[in-house]
Amino acid sequence: MPELPEVENTRRYLIEAGLPGRTFTGADVGWAKTVKKPSLEDFVLGLTGGTVQEVTRRGKYLLFKLGHQGSDTGPTLVIHLGMTGGLRIQPAKQPVHSMVRHRFFLDDETELRFQDGRKFGKLWLADNPNDILPPLSPDPFSEEFTLKSFRDHLKGRSAPIKAVLLEQSIVSGMGNLYADESLFLAGISPVRPASKLTVKEATRLKDCMIFAFTSALEQYDRSRSEQWPDPPMGLSSWSIPREKNGLCPNCGGPISIIRVRARGTCFCPKCQR
DNA sequence: AGTACGTCCTGATCGC
DNA sequence: TGCGATCAGGACGTAC
């Protein structure tokens with residue numbers, strides 16, 4: 001699934017592909033329910049004529065600040081890729097892949113194409129993105145994401161640490177796969193009550209989350225050009241095997257696959273306590 | 001307030 | 001061979 005590294009990789013790709021400075025000349029929304037706000041009609045109207053000023057990221061949300069007619073005061077296009085979403089810029093004349101649900105026409109004979117097999121992606125247009133974004137923690141890479149604030153969020157939480165990690169208000173950008181990876185690297189069981197983590201464990205977990213995100217981003221930065229037009233959906237190889245009958249790379253024992261909050265969860269019962 | 005579960009979606013895979 | 005059942009899960013709404 002697109003999680004923090006995949007969304008950030010998409011952002012960097014869009015910038016390298018020259019999206020900033022381009023102007024939207026129209027849009028074809030193939031699945032109306034993807035547009036959350038405003039109405040579909042107003043969404044397309046407000047987008048059209050907007051020039052991309054910058055592309056930023058908040059958690060798993062991509063923000064496209066628009067300007068209108070030379071002015072830098074315009075709405076912001078907000079995109080969430082959901083589970084199967086991917087963005088790419090292609091020539092208008094290039095055949096449209098069957099998974100492409102939405103097309104945003106640009107002023108240079110290209111299109112920003114939004115492929116989204118399961119239609120879990122979301123689109124907004126907002127004058128102020130804060131009006132539509134849910135509460136998000138500081139970016140895990142920022143200095144505001146401190147060990148103290150992370151630990152404060154774990155206090156009083158009896159829910160499994162894995163479930164807490166997935167809350168975007170606690171670790172923005174975290175998703176199912178990187179949560180499993182981080183917990184494996186930290187040697188912590190996904191079902192441990194969050195409040196029961198020691199200072200040492202919380203410290204290790206925070207470091208491992210950053211490490212997992214960083215490793216993925218470095219991998220993407222090395223080979224971004226080779227990833228397109230097929231966007232990546234996670235690390236090329238996880239430390240923790242995700243397939244059935246997988247073996248722990250540490251102890252060689254069998255990996256357990258359980259459900260935590262209806263999420264497939266892989267962990268080593270021997271190495272993760 | 002915190003926890004848990006159902007809902008939305010469809011391509012891929014599984015079992016009979 | 002074919003077809004129905006099952007699985008995958010991010011975020012949100014609802015219930016307790």
Side-chain angles (χ1 to χ4, degrees), chain A residues 1-10 29-37 40 57-63 78-87 96-102 114-124 126 129-137 139-140 151-183 190-197 209 212-213 216 229-235 238 240-246 255-267:
Chain A
M1 327 309 125
E3 305 179 29
L4 185 152
E6 289 73 35
V7 178
E8 176 62 18
N9 176 61
T10 300
V29 174
W31 186 252
K33 289 172 78 171
T34 301
V35 176
K36 298 303 172 182
K37 270 183 186 173
L40 174 56
R57 180 185 58 78
R58 296 269 301 276
K60 300 175 195 170
Y61 297 79
L62 284 168
L63 278 59
V78 181
I79 298 182
H80 193 295
L81 297 174
M83 294 189 348
T84 54
L87 295 170
V96 181
H97 190 278
S98 62
M99 291 296 101
V100 170
R101 308 294 186 191
H102 320 290
F114 187 176
Q115 66 169 23
D116 184 19
R118 291 179 208 168
K119 300 179 177 174
F120 275 26
K122 296 183 178 74
L123 294 167
W124 299 262
N130 292 324
D131 294 340
I132 62 103
L133 290 173
L136 298 168
S137 82
D139 194 83
R151 289 190 59 226
D152 283 346
H153 279 298
L154 306 184
K155 285 180 185 165
R157 298 298 302 270
S158 63
I161 181 64
K162 160 102 183 251
V164 173
L165 286 188
L166 292 177
E167 293 179 20
Q168 300 303 295
S169 58
I170 297 177
V171 188
S172 67
M174 183 58 76
N176 196 48
L177 278 55
Y178 287 93
D180 280 1
E181 180 79 357
S182 305
L183 287 164
V191 296
R192 281 270 297 285
S195 61
K196 300 285 189 187
L197 265 64
M209 293 190 294
F213 285 154
D230 293 317
M233 284 300 190
L235 289 168
W238 300 95
I240 173 96
R242 300 202 65 81
E243 70 277 4
K244 237 190 295 181
N245 304 321
I255 292 294
S256 293
I257 303 182
I258 61 172
R259 316 279 305 171
V260 175
R261 290 282 223 282
R263 298 282 171 270
T265 301
C266 305
F267 75 108

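Atom set for the values below is all heavy atoms of this structure, side chains included, hydrogens, waters and symmetry mates excluded. All values derive from a computational prediction rather than experimental measurement. So that the names make sense, note that chain A is the first sequence line, chain B the second, and so on, each numbered from 1.
- For the segment residues 152-160 of chain A, no residue has any heavy atom less than 4.0 angstrom from an atom of DNA chain C.
- Contacts of A/H153 classified as ring-ring contact (aromatic ring centres under 6.0 Å, His included), with partners at least two apart in sequence or in another chain: none.
- Computed from C1' positions of five pairs at each end, the angle between the two local axes of the helix from B/dG2-C/dC16 to B/dC16-C/dG2 equals 50°, rounded to 10 degrees.
- With sequence neighbours excluded, no residue forms a ring-ring contact (aromatic ring centres under 6.0 Å, His included) with A/F267.
- One finds a salt bridge joining A/K155 and A/D152 here, because a Lys/Arg side-chain nitrogen approaches an Asp/Glu carboxylate oxygen to under 4.0 Å.
- For A/R192, the salt bridge (charged side-chain N to carboxylate O under 4.0 Å, His left out) partners are A/E201, not counting sequence neighbours.
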Subject >> Nucleic acid footprint by protein, nucleotides 10-16 of chain C - heavy-atom cut-off 4.0 Å, B for base, S for sugar-phosphate alone >> reply: BBS----
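- Take A/S172 and apply the side chain to side chain donor-acceptor pair (under 3.5 Å) test, not counting sequence neighbours, and it matches A/S137.
- For A/R58, the side-chain contact (heavy atoms from CB on, under 4.5 Å) partners two or more places apart in sequence, or in a different chain, are A/L63, A/N130, A/L133, A/L136.
- When the salt bridge (charged side-chain N to carboxylate O under 4.0 Å, His left out) test is applied to A/D131, no partner is found at least two apart in sequence or on another chain.
- Under the side-chain contact (heavy atoms from CB on, under 4.5 Å) criterion, A/T34 pairs with A/W31, A/H102, A/L123, not counting sequence neighbours.
- Atom CG in A/L165 sits roughly 16 Å away from atom C1' in B/dT3 (whole-Å rounding).
- Residues meeting the salt bridge (charged side-chain N to carboxylate O under 4.0 Å, His left out) test with A/D180, sequence neighbours left out: A/K162, A/R242.
- Not counting sequence neighbours, the partners of A/E167 by the salt bridge (charged side-chain N to carboxylate O under 4.0 Å, His left out) test are A/R157.
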